[in-house]
Asker: 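Below are the structure tokens for one structure; questions will follow.
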Amino acid sequence: MADTQSPVSDEARGLVRAGQAAMRVGDYEAARTAFERAAALEPNNQEARDGLREAQIGPALYELGNQLQAAGSSGVVTHSGPFCQGKYT
């Protein structure tokens with residue numbers, strides 16, 4: 001059976017893998033770029049779209065985790081990122 005993958009599919013697959021690797025080491029900017037490029041090549045590529053969404057929210061979740069850890073037992077967390085505004089207790 002012949003390989004029927006197109007060069008675009010191979011490139012998109014490689015970009016998704018690169019994005020996933022960047023996410024594993026916390027390089028959200030590189031991940032976002034790789035997933036954006038993969039999605040541009042294959043707009044219906046669900047892995048690329050899901051990865052892009054995760055890369056976009058990853059920094060906000062990382063910061064929130066840091067704030068929770070810093071808040072310790074006080075229970076007060078402030079966040080001014082793109083997804084949350086104000087104080088939460």
Side-chain angles (χ1 to χ4, degrees):
M1 178 184 279
D3 185 8
T4 59
Q5 293 295 322
S6 71
V8 172
S9 294
D10 289 341
E11 185 175 356
R13 186 178 317 112
L15 288 165
V16 167
R17 287 181 182 152
Q20 292 167 338
M23 289 285 289
R24 282 192 295 275
V25 297
D27 189 348
Y28 298 108
E29 184 63 28
R32 185 186 57 77
T33 299
F35 290 128
E36 282 177 344
R37 289 179 55 205
L41 290 171
E42 291 185 357
N44 294 324
N45 184 318
Q46 193 63 46
E47 279 187 296
R49 293 167 53 196
D50 290 345
L52 179 57
R53 185 172 36 256
E54 288 178 33
Q56 289 170 333
I57 66 169
L61 292 175
Y62 180 79
E63 177 62 25
L64 183 58
N66 285 341
Q67 288 186 9
L68 286 170
Q69 187 176 25
S73 62
S74 72
V76 176
V77 176
T78 60
H79 186 65
S80 58
F83 303 105
C84 299
Q85 296 293 322
K87 287 188 175 185
Y88 298 89
T89 57

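Small disclaimer: the values here were computed from a predicted structure and weren't measured.
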Asker: As an exercise, state the distance from CD of Glu47 to CZ of Phe35, rounded to the nearest 0.5 Å.
Answerer: 8.5 Å
Asker: Looking only at heavy atoms, which two atoms of Tyr28 and Gly58 are closest? And how far apart?
Answerer: CE2-CA, 3.7 Å
Asker: Is any side-chain heavy atom of Arg37 closer than 4.5 Å to a side-chain heavy atom of Leu41?
Answerer: no
Asker: Would you give the length of the straight line joining atom CG of Leu15 to atom CD of Gln20, rounded to the nearest 0.5 angstrom?
Answerer: 11.0 Å
Asker: Let me confirm one number: the OG1-CG distance from Thr33 to Asp27, rounded to the nearest 0.5 Å.
Answerer: 8.5 Å
Asker: Could you report the tightest heavy-atom contact between Ala38 and Ala48, atom names first, then the distance?
Answerer: CB-CB, 3.8 Å
Asker: With rounding to the nearest 0.5 angstrom, report the CD to CD distance, Glu29 to Gln56.
Answerer: 10.0 Å
Asker: With a sphere of 6.0 Å drawn around CD of Gln46, does it hold more than 12 non-hydrogen atoms of other residues, nucleotides or ligands?
Answerer: yes
Asker: Please examine the side chains of Arg49 and Leu52, heavy atoms only from C-beta on, and report whether any two atoms are closer than 4.5 Å.
Answerer: no
